[in-house]
Amino acid sequence: MSEKKNPEYDFKWCPGCGDFGVKKALEAAIKKKTIETEEPILNNVIVAGIGCSGNMVHLLEGEQPYGFHGLHGRTLPVAMGLKSSRPELNVTVVAGDGDFLSIGAEHIAPQAKRNLDVCVVIMDNAVYGLTKGQSSPTSAEGMITSSTPYGKTEVGFDPLAHYLSLGVSFVASGLSSKIKDLSELIYQGMIHPGFSIVHVQSPCTEYNNTYEILKGNIKKGIEPLAKPIDVSHNPNDLKQAIEVISTPGIPLGIIYQSKDEPTLAQKYENLINKSKQKDFETLLNSYSI
Amino acid sequence: MSEKKNPEYDFKWCPGCGDFGVKKALEAAIKKKTIETEEPILNNVIVAGIGCSGNMVHLLEGEQPYGFHGLHGRTLPVAMGLKSSRPELNVTVVAGDGDFLSIGAEHIAPQAKRNLDVCVVIMDNAVYGLTKGQSSPTSAEGMITSSTPYGKTEVGFDPLAHYLSLGVSFVASGLSSKIKDLSELIYQGMIHPGFSIVHVQSPCTEYNNTYEILKGNIKKGIEPLAKPIDVSHNPNDLKQAIEVISTPGIPLGIIYQSKDEPTLAQKYENLINKSKQKDFETLLNSYSI
Amino acid sequence: MKNTDFVVRFAGEGGQGFLSAAIGFASANTKAGYHAQTFATFPSQITGGPTWMQTRISINPVLSRGDEVDVLVVFNEYAYEAHKNEVKENGFILYDSDQLNIEDSNKVLGIAFEKLGKTTGNSRAANMVMMGALAELVGVNLSVLEDFVKERWGNVERYGEHIVPQNIQALKLGSKEVQERGLKLSEIESPKKSDTQQIFLNGNDAISLGAYAAGIEYYVGYPISPATTILVWMEKNLVEKNKFVYQVSSEIEAITAIIGASYGGKKSMTATAGPGFSLMSEGLGLAWMAEIPIVVVDVQRGGPATGLPTKTEQSDLLSSINPAHGDVSLPVIAPGTVEECFYGTIEAFNWAEKYQGPVILLSEHGLAERQQNIPKPNISKLNVEKRLINKSSENYHRYESGNISPMPIPGLPGPYVANASEHDKMGDTTHLPERHVEMTERRFKKLDILKNSNYEYINAESKILLMPWGGSKGPSLEAYEKLQEQNIDIGWAYTMFLNPLPEKLLIELRSKNLVIVPELNYLGQFSSLLRSQNVNAQSITQYTGLPFKVEYLVNKITELL
Amino acid sequence: MKNTDFVVRFAGEGGQGFLSAAIGFASANTKAGYHAQTFATFPSQITGGPTWMQTRISINPVLSRGDEVDVLVVFNEYAYEAHKNEVKENGFILYDSDQLNIEDSNKVLGIAFEKLGKTTGNSRAANMVMMGALAELVGVNLSVLEDFVKERWGNVERYGEHIVPQNIQALKLGSKEVQERGLKLSEIESPKKSDTQQIFLNGNDAISLGAYAAGIEYYVGYPISPATTILVWMEKNLVEKNKFVYQVSSEIEAITAIIGASYGGKKSMTATAGPGFSLMSEGLGLAWMAEIPIVVVDVQRGGPATGLPTKTEQSDLLSSINPAHGDVSLPVIAPGTVEECFYGTIEAFNWAEKYQGPVILLSEHGLAERQQNIPKPNISKLNVEKRLINKSSENYHRYESGNISPMPIPGLPGPYVANASEHDKMGDTTHLPERHVEMTERRFKKLDILKNSNYEYINAESKILLMPWGGSKGPSLEAYEKLQEQNIDIGWAYTMFLNPLPEKLLIELRSKNLVIVPELNYLGQFSSLLRSQNVNAQSITQYTGLPFKVEYLVNKITELL
Ligand SMILES: Cc1ncc(C[n+]2csc(CCOP(=O)(O)OP(=O)(O)O)c2C)c(N)n1
Ligand SMILES: Cc1ncc(C[n+]2csc(CCOP(=O)(O)OP(=O)(O)O)c2C)c(N)n1
Ligand code: SF4
Ligand code: SF4
Ligand SMILES: [Mg+2]
Ligand SMILES: [Mg+2]
């Protein structure tokens with residue numbers, strides 16, 4: 001279990017929580033990124049949402065990156081502010097399904113359209129963990145939770161289809177217990193130039209324990225719901241990507257990755273070339289009388 | 001031109017504004033709905049956004065429905081509150097592309113997943129009219145506006161694809177100058193049981209005059225961008241719907257209409273059947289000591 | 001002399017199950033006619049983590065959690081270390097001697113709860129042994145707990161015939177252990193049986209029940225501590241014909257949806273805490289402007305920003321009166337007890353209907369999480385305002401009369417536009433200066449209707465008043481009583497109606513040399529509001545995330561006199 | 001005796017193009033050394049609708065728009081009817097006699113602008129004829145306008161060689177028409193040439209320039225009247241290396257994005273108006289809590305809710321100091337003139353860096369839309385604060401020292417977590433009571449750094465002070481001067497630094513019998529804040545959506561004395 005960075009920090013994930021696996025995968029991905037790109041760890045910023053998942057930013061072990069732990073639902077605009085002003089930083093967003101797809105849902109499309117070059121890691125447990133077990137957008141229709149005692153009346157949200165339809169330029173799907181695979185997906189998301197989302201099934205042992213459904217149980221004859229994508233899949237092909245997510249079950253791996261789509265930073269670079277350098281005196285003089 | 005309901009009202013659309021046509025179409029649709037369903041006009045509520053488009057609610061002529069003209073971006077939640085509590089009302093939302101797809105974007109998916117039975121009429125001019133010509137989500141990449149003097153750096157938003165991917169249960173596309181067709185689309189959206197969006201191309205003559213592009217100009221050899229959907233199209237077929245919007249140009253007509261998808265009101269009815277009737281005394285007694 | 005009250009604290013790790021024992025102990029005592037109040041703080045993590053709860057039992061209504069602990073029951077080493085210093089000079093510390101090893105002193109009492117419990121044949125009777133020991137220590141008659149056991153597990157079909165005698169046996173074993181060692185606080189007086197029936201509940205339950213009593217028809221909300229349990233209550237109990245409850249996607253959706261529902265004629269409410277409340281700013285302005293009755297509950301937690309989600313504070317007052325841009329002054333009711341949570345909520349709905357606008361019910365974590373016995377409300381005596389609905393047909397103008405005008409409801413006559421922009425009498429937008437003047441004055445004049453509410457006012461001759469608000473009422477009242485015992489000349493004023501203040505009370509306050517306001521925030525928010533209304537007020541502040549202790553208040557007040 | 005100033009009002013329908021003529025007239029006069037201030041109100045519709053603009057020209061700096069009109073130029077019948085009563089006893093009304101038919105009186109003066117203009121050979125010279133007539137009426141030397149024409153159209157390559165003589169000819173024709181009829185206000189004194197260079201701009205331009213001078217590196221915003229022109233300015237001028245400007249999708253995105261950028265080390269700002277400002281509540285609390293320097297401009301318009309988008313008001317003061325839940329008290333700077341818009345913005349950036357948190361620049365519609373000449377700022381004399389950046393390597397703790405600590409910037413040493421929850425010295429979440437106390441006090445103590453700002457203080461002996469704020473400064477100062485002329489004993493105090501107030505000023509204010517606060521809101525928001533700080537203050541309020549008139553203030557102040 002994670003060692004606390006300091007004795008005051010008073011949050012721990014519940015035993016068995018999927019977020020432990022995500023933490024390990026993220027740590028490994030950051031490590032690999034800093035080694036491969038020879039960039040200092042200080043160039044990394046983790047922008048976290050509010051939820052059990054968001055506590056990630058305090059629980060990371062080892063050499064510490066920068067962190068931002070702000071408001072529920074506002075990871076993306078904070079990341080936008082940071083990355084658009086400091087394109088050389090490696091900005092990673094970590095958030096829960098409620099944070100990202102409910103209260104923060106409005107922020108996905110704009111970043112997709114801009115192709116902001118950040119990597120988003122979503123810990124989806126299909127439930128609100130930190131507020132003790134209410135339904136989330138990804139909870140299935142009919143699911144019983146403390147806020148849906150007679151069953152949820154909303155169709156469950158399909159995040160992967162949503163990302164693809166918005167034009168997110170890198171979409172991957174992972175499972176928290178497959179730490180090595182997940183770590184590689186996150187690493188790929190980080191180095192992909194553009195808006196990347198790694199959507200992780202990260203079960204909540206307290207309010208929505210889906211380990212058995214996801215991983216299957218041979219003894220009980222339960223097939224795993226989450227299965228690696230066939231190696232033949234070409235993630236550069238959007239049509240194939242749509243097919244992959246349309247087949248039953250949860251695909252694991254890189255679903256889609258666009259090629260050569262300019263990032264916001266690149267597009268902005270073009271604007272700068274079009275605009276004339278200004279200085280204060282010139283601007284001031286335009287108001288001379 | 002529209003006669004004002006009262007002399008104090010101090011807003012008029014600019015000459016030629018597309019919203020005039022939408023107004024006539026909406027008036028006709030409401031009229032048809034009240035006649036066909038034999039419901040009083042007082043059962044109609046127009047929930048309007050903030051924008052040139054939202055002024056619709058004050059400019060309607062003839063027998064007056066109820067109106068709600070609230071905050072920028074918040075038409076859908078107001079409509080949700082109204083319709084979920086008063087399912088017998090005919091609730092119509094009118095809003096602009098900025099209002100609905102930028103600041104209010106977060107509210108579309110939840111209503112789609114709930115299948116709230118309201119009809120939404122979007123007046124899309126691909127610009128912010130009321131604030132004098134800034135870019136909107138549907139402005140094309142590269143477009144020059146007062147807020148994008150060197151060209152817009154975001155990919156233009158495709159609203160029809162977005163609606164389909166969110167599972168909106170009725171999606172239609174109209175043109176403000178084709179008043180009769182538009183009126184029929186709005187009427188169909190109103191009587192469709194579920195979440196309906198009629199997305200209207202409604203040019204802004206002041207900041208983004210697209211009449212010629214949309215309607216074409218034979219003399220100049222300009223093909224119309226907006227064309228009626230082929231009569232062979234089966235709107236109940238989602239695959240066909242996706243194909244229709246994927247072909248170049250703007251399709252006019254009903255793009256998609258789901259069948260037999262339960263509305264929020266119907267789903268809620270089921271919950272009520274599951275829950276036990278309570279009364280205050282019983283609830284109170286559960287706290288007895 | 002016998003004791004009139006005592007405090008027991010249970011401390012351990014979240015998930016050890018002692019919380020239900022603590023509540024059970026409190027509830028058992030209330031059944032016997034005692035008064036009880038619990039107090040707890042939780043870590044923000046979901047399972048595990050240091051957790052504790054205390055129960056104060058008294059022959060009188062309990063005003064505060066109790067400054068010091070008479071008996072501490074600890075379930076792990078950390079708990080012992082963290083809490084041992086809060087035990088009174090002559091108090092006791094109880095623990096399971098097989099699980100813990102605590103250095104001996106005459107204060108410390110190890111009993112083999114688990115082992116003794118098992119001897120009864122019931123493997124889960126350890127808590128009963130503990131309770132028996134407790135009862136003996138604090139001098140509560142064992143029959144109080146025996147009665148509780150009988151009622152709780154008396155259903156033979158459900159629990160079998162063994163569980164009651166086994167649990168009673170366990171109680172006796174615990175009690176005997178203590179007796180044998182001759183340890184005991186001085187005995188507590190027998191309870192005065194109250195003539196009104198009591199119920200036992202927390203502040204959020206009381207708010208939910210109050211809303212139900214006031215005729216709530218529409219509730220939507222978004223989860224947030226410490227307000228979530230109101231949403232959960234509603235989801236369970238409001239699924240009925242012509243009512244509606246829903247978890248929506250954000251607080252912005254919540255506030256605008258309840259405005260839509262109320263515009264449609266439904267009594268509507270949402271509940272949230274600080275971060276969600278801040279997100280509602282714009283919507284609250286809309287309700288004020290369009291004159292739509294709604295109730296918004298803000299269960300305050302430590303702020304600002306994400307703040308301290310699991311701690312208490314009274315720091316949202318300024319922003320609840322003036323949450324949004326422009327000239328607004330939202331009515332605010334701040335209950336000070338669990339009972340006031342119930343009645344205050346009904347009043348909030350009544351206010352909303354009376355003046356036709358948004359009303360803020362300002363509760364707090366300390367009330368939400370507190371379990372307490374209160375007299376059972378008498379339904380037939382509740383006053384519930386109905387909406388004033390327009391029925392006149394021709395050319396009705398919603399915003400015409402100088403004062404309150406009946407609301408037209410969609411489907412009924414009188415169509416108008418509910419408008420967040422400045423508007424004329426039928427709700428159409430206008431920018432005429434005279435209309436903005438007329439409508440602004442209309443919106444503020446309506447507040448006059450709310451200025452005749454109740455307040456407490458004791459020892460009116462004194463030139464110095466003690467006037468807490470909200471959940472600081474209890475400890476302040478206890479402090480006030482202590483000061484009275486010392487014959488100190490100080491008066492008492494209190495109301496849960498913070499904005500607008502009862503007119504007569506405000507006049508009284510202005511005549512005082514000093515009004516002392518205990519409140520749980522840094523800025524001294526209420527005293528600052530009072531000063532802006534020409535009252536010479538000064539705050540005693542605390543911003544630890546915890547409620548006041550009585551002793552602290554007594555000292556601070558004395559310093560100011 | 002010659003006049004020292006006059007007011008010309010132009011009224012017609014939006015789109016008639018007279019607005020640029022009005023601004024041209026003002027600008028021409030400033031070129032000659034006069035001072036000028038324009039004032040306009042627009043309908044919210046985009047084209048058409050009743051529109052008017054007035055220009056006040058003076059030999060002294062112009063303090064207010066001018067209560068009454070000397071010359072009214074009307075372009076349609078409606079404008080004549082709507083404005084005729086605001087023309088002075090001995091003023092004039094000018095119109096195109098071929099387009100309008102106005103009953104004759106000795107006040108009314110029809111000239112065939114269009115027809116005469118065409119005789120010059122330039123079909124678009126009608127406005128020049130009108131300006132020539134105007135100059136003659138108000139007694140401004142025609143050479144002032146001739147010089148303006150020469151400069152404006154003097155570029156022969158661009159405009160050809162005919163346009164200048166044609167326009168000058170048109171000016172003369174207009175002037176002659178008036179001369180022939182012998183109509184004239186008393187002549188205006190010659191301008192006193194000022195020794196500092198002047199620039200001519202509106203409040204929003206001044207804010208944008210100020211931000212640029214202060215070193216702004218990051219701006220994102222969402223359009224909203226009357227703040228949009230700041231976004232438009234930035235989009236044009238901030239597209240540079242290492243800077244960034246963007247129109248984002250909402251005000252919530254705007255506020256959180258600038259916080260992200262400032263966390264990354266960039267000087268960041270956004271601008272909005274009431275509805276957008278309300279949506280920023282939660283974000284502002286975050287910046288306060290995590291101690292991130294940002295500047296948020298609120299260009300106030302009529303409120304509440306969607307309110308009066310095209311009218312002025314000063315009603316966001318309370319919510320700008322206390323926009324969000326929890327204990328916050330945001331620094332607020334409210335410029336009172338176009339010049340102060342420039343310097344106030346620089347100060348706002350400086351404050352943000354000095355105390356490391358959010359600063360609100362509270363401007364208003366009346367300043368944003370006002371064109372005015374101000375002395376050209378001298379770049380070399382501007383004081384600009386740089387960010388205090390941490391460079392120390394080992395185990396640096398961002399929130400450790402008692403006061404301001406250098407900010408670590410991603411990429412540089414000192415990684416920490418910027419945290420909206422209560423935190424410890426390295427930014428990790430904690431719920432410890434002592435930490436909440438320590439950090440709360442830290443956040444408020446930093447405000448002390450901001451308490452030594454400038455203020456105006458005249459006639460300090462008087463026991464009664466006049467103390468307006470924001471855009472009400474101009475008319476109040478003019479009223480103050482009138483009162484001085486009447487030898488009335490009253491003092492003057494003014495500062496744009498509203499929160500925290502300059503410490504010394506606050507002490508002075510507390511010593512007064514009465515502080516009179518003219519302000520454009522219903523609640524009397526600033527006087528209420530002053531009273532809460534133990535100042536005996538009282539407001540003169542107005543809530544019409546329009547600025548004060550001087551005469552109104554003189555009367556109201558006199559009533560209070
Ligand atoms: C504005 C606001 N609303 C609500 C909350 C309360 N809140 C904290 S976490 C959370 C939901 C967490 O769910 P999710 O994002 O799925 O994260 P998880 O805990 O499941 O990892 C909510 C509603 C808040 N902090 N701020
Ligand atoms: C919270 C908030 N932000 C910004 C505004 C300012 N505003 C008014 S209308 C508008 C955009 C209008 O664009 P659109 O929705 O496309 O409508 P159109 O005018 O083009 O019909 C904006 C940004 C506002 N009223 N409220
Ligand atoms: S509540 Fe669920 S998501 Fe939260 S820490 Fe526990 S297991 Fe993980
Ligand atoms: S600005 Fe554009 S959208 Fe607005 S009224 Fe004029 S033409 Fe219509
Ligand atoms: Mg979750
Ligand atoms: Mg638009």
Side-chain angles (χ1 to χ4, degrees), chain B residues 4-6 8-11 40-48 50 55 57-58 63-86 88-89 91 106-107 109-110 114 264 268-269 271-272 274-275 277-278 280-281 283-289, chain C residues 27 30-31 197-201 205 209 212-213 217-218 220 236-237 239-241 244 246 248-250 252-266 268 282-283 286 290 373 376-377 379 408 410-413 415-421 424 426-432 435:
Chain B
K4 290 181 206 162
K5 264 167 32 181
N6 76 69
E8 278 185 26
Y9 186 59
D10 64 1
F11 185 92
I41 180 96
L42 294 175
N43 271 14
N44 279 275
V45 185
I46 313 293
V47 178
I50 303 293
N55 284 283
V57 70
H58 305 285
E63 240 195 311
Q64 291 293 309
Y66 271 80
F68 194 106
H69 198 188
L71 304 174
H72 188 43
R74 310 304 166 195
T75 51
L76 280 183
V78 168
M80 151 87 181
L82 185 55
K83 180 73 184 185
S84 60
S85 65
R86 299 283 312 277
E88 74 280 17
L89 298 176
V91 178
E106 68 202 84
H107 302 298
R114 293 164 196 160
L264 176 60
Y268 202 76
E269 209 46 50
L271 291 198
I272 293 175
K274 282 189 208 169
S275 86
Q277 271 304 104
K278 309 271 171 19
F280 180 57
E281 192 65 27
L283 289 169
L284 206 53
N285 285 337
S286 69
Y287 297 95
S288 286
I289 55 180
Chain C
S27 149
T30 59
K31 272 194 212 306
Q197 238 184 300
Q198 303 279 308
I199 57 176
F200 187 69
L201 75 179
D205 288 339
L209 277 171
Y212 203 92
E217 299 167 287
Y218 197 87
V220 296
K236 216 183 288 166
N237 297 315
V239 179
E240 292 183 14
K241 268 233 147 351
F244 191 83
Y246 215 82
V248 288
S249 64
S250 73
I252 290 182
E253 191 180 10
I255 184 74
T256 36
I258 67 168
I259 290 170
S262 178
Y263 168 80
K266 301 288 186 177
S268 306
E282 201 198 11
L286 160 61
N373 65 301
K376 181 175 171 183
I379 314 175
L412 296 179
Y416 73 108
V417 179
N419 197 338
S421 298
D424 60 21
M426 51 209 298
D428 281 323
T429 308
T430 171
H431 297 91
L432 287 185
R435 203 64 67 225

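Just so we're on the same page: letters track the sequence lines, and every chain starts at 1. Quick note: numbers below take in every heavy atom, side chains included, and nothing from hydrogens, waters or symmetry partners.
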- Query: Going through the distances and angles, do C:K241 and B:E269 end up as a salt bridge (Lys or Arg N to Asp or Glu O under 4.0 Å)?
  - Reply: CA-CA 8 Å; C:K241 268 233 147 351; B:E269 209 46 50; 2.9 Å; yes

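- Put simply, the side chain of C:F244 reaches to within 4.5 Å of the side chain of B:L264, judged on heavy atoms.
- A salt bridge does not link B:K274 with C:E240: every distance from a Lys NZ or Arg NE/NH1/NH2 to an Asp or Glu carboxylate oxygen is 4.0 Å or more.
- Contacts of B:P40 with chain C are absent, with no heavy-atom separation under 4.5 Å from either backbone or side chain.
- For C:L432, the part lying under 4.5 angstrom from a heavy atom of chain B is the side chain only.
- Rounding to the nearest 0.5 Å gives a distance of 6.0 Å between NE2 of B:H107 and CD1 of C:I252.
- For the atom pair CD1 (C:I258) and CG (B:L82), the distance works out to 14.0 Å, reported to the nearest 0.5 Å.
- Residues B:K278 and C:K236 share a closest heavy-atom pair of NZ-O, 3.2 Å.
- Rounded to the nearest 0.5 angstrom, B:H58 NE2 and C:T430 OG1 are separated by 10.5 Å.
- C:P410 places none of its side-chain heavy atoms less than 4.5 Å from the side chain of B:L42.
- With C:K266 contributing its side chain and B:G81 its backbone, the two residues share no donor-acceptor pair below 3.5 Å.
- The aromatic rings of C:Y212 and B:F280 lie parallel to each other, their planes meeting at an angle below 30°, with 60° marking the opposite boundary.
- Contacts between C:S262 and chain B at a heavy-atom distance below 4.5 Å are absent for every atom of the residue.
- Residues B:F68 and C:N419 fail the side-chain proximity criterion, which asks for heavy atoms closer than 4.5 Å.
- In this structure, chain B has heavy atoms under 4.5 Å from both the backbone and the side chain of C:A213.
- Within the 3.5 Å criterion, the main-chain N or O of B:P110 finds no donor-acceptor partner in the side chain of C:S249.
- For the pair C:P408 and B:Y66, the minimum side-chain heavy-atom distance is below 4.5 Å.
- Taking each heavy atom of B:Y268 and C:V239 in turn, the nearest pair found is OH-CA, 3.7 Å.
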- Please walk me through it: do B:L284 and C:I199 pass side-chain contact (heavy atoms from CB on, under 4.5 Å)? CA-CA 8 Å; B:L284 206 53; C:I199 57 176; 4.0 Å; yes

- Task: List the steps, then state whether side-chain contact (heavy atoms from CB on, under 4.5 Å) holds for C:S250 with B:E106.
- Result: CA-CA 9 Å; C:S250 73; B:E106 68 202 84; 3.9 Å; yes

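- In terms of heavy-atom pairs under 4.5 Å with chain B, the best-connected choice from C:I259, C:N373, C:I255, C:L286 is C:L286.
- In this structure, the separation between OG1 on C:T256 and CG on B:L76 is 9.5 Å, given to the nearest 0.5 Å.
- Contact annotation for C:Y218: only side-chain heavy atoms (C-beta onward) come within less than 4.5 Å of a heavy atom of chain B.
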- Task: Start with the C-alpha gap between C:K376 and B:E281, add the side-chain angles, then the distance that decides, and say whether side-chain contact (heavy atoms from CB on, under 4.5 Å) holds.
- Result: CA-CA 10 Å; C:K376 181 175 171 183; B:E281 192 65 27; 3.0 Å; yes

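- With respect to chain B, the highest number of heavy-atom pairs below 4.5 Å among C:A290, C:G264, C:A418, C:S421 belongs to C:A418.
- For the set B:L89, B:L271, B:L283, the count of heavy-atom pairs under 4.5 angstrom toward chain C peaks at B:L283.
- Chosen from C:P415, C:G265, C:A420, the residue pairing most often with chain B at heavy-atom distances under 4.5 Å is C:P415.
- Taken from CG in B:L71 to CD in C:E282, the straight-line distance is 4.0 Å, to the nearest 0.5 Å.
- Taking the side chain as every heavy atom from C-beta outward, C:Y416 and B:Q64 never approach each other to under 4.5 Å.
- With values rounded to the nearest 0.5 angstrom, C:L201 atom CG is found 6.5 Å from B:Y287 atom OH.
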- Message: Run B:F11 and C:T429 through side-chain contact (heavy atoms from CB on, under 4.5 Å) and show every step you take.
- Response: CA-CA 8 Å; B:F11 185 92; C:T429 308; over 6 Å; no

